[in-house]
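One structure is given below, encoded as structure tokens.
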Amino acid sequence: MLKKIFKFIKKIILSIFVLYGYNLISQSLGIIIPINFYTVLLLSILGIPALFALIFILVVVF
């Protein structure tokens, strides 16, 4: 049980770094995804495809 909790915490931390890295790269384009509870949770549960889905939603909606 404790290993699952640490694995999920590791995914959350990695998700934060992935979002931060993406925001640094895409800052010049103006396509910034906010780092909040929902985006970090979505990215930590679904993985990298969730990042592409968030980018797609951001481009289509805005």
Side-chain angles (χ1 to χ4, degrees):
M1 181 70 180
L2 197 57
K3 285 186 178 183
K4 288 183 181 181
I5 293 173
F6 283 133
K7 186 177 178 181
F8 190 68
I9 290 173
K10 190 184 337 179
K11 281 186 170 184
I12 288 174
I13 293 170
L14 184 65
S15 302
I16 292 170
F17 283 129
V18 167
L19 280 173
Y20 182 71
Y22 169 76
N23 284 338
L24 283 177
I25 292 170
S26 68
Q27 186 175 15
S28 62
L29 298 173
I31 308 173
I32 297 175
I33 297 174
I35 302 174
N36 56 27
F37 177 74
Y38 299 111
T39 56
V40 169
L41 188 65
L42 186 69
L43 194 62
S44 64
I45 291 174
L46 298 177
I48 297 298
L51 180 65
F52 294 127
L54 287 171
I55 295 168
F56 179 74
I57 291 171
L58 186 67
V59 168
V60 169
V61 172
F62 297 108

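- No path of Ile, Leu, Val, Met, Phe, Trp and Tyr side chains, each step under 4.5 Å between heavy atoms, connects I33 with F17, placing them in separate hydrophobic clusters.
- Taking Ile, Leu, Val, Met, Phe, Trp and Tyr as members and joining any whose side-chain heavy atoms lie under 4.5 Å apart, directly or through other members, I32 forms no hydrophobic cluster with any other residue.
- Sorted by first then second residue, the side chain to side chain donor-acceptor pair (under 3.5 Å) pairs that include residues 20-45, not counting sequence neighbours, are N36-T39.
- Inter-residue side-chain proximity for L51 and L46 is flagged as unmet; no heavy-atom pair is nearer than 4.5 Å.
- Residues satisfying the side-chain contact (heavy atoms from CB on, under 4.5 Å) test with I25, not counting sequence neighbours, are none.
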Can you give each donor-acceptor pair under 3.5 Å made by side-chain atoms of residues 4-13, sequence neighbours left out, with the distance rounded to 0.1 Å?
none

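- L24 and F52 fall within the same hydrophobic cluster, defined by Ile, Leu, Val, Met, Phe, Trp and Tyr side-chain heavy atoms under 4.5 Å apart, directly or through other members.
- Between L42 and A50 the shortest heavy-atom distance is O-CB, 3.8 Å.
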Which donor-acceptor pairs under 3.5 Å do the side chains of residues 54-62 make with protein atoms, sequence neighbours left out?
none

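- The CD1 atom of I48 sits 5.5 Å away from the CG atom of L43 when rounded to the nearest 0.5 Å.
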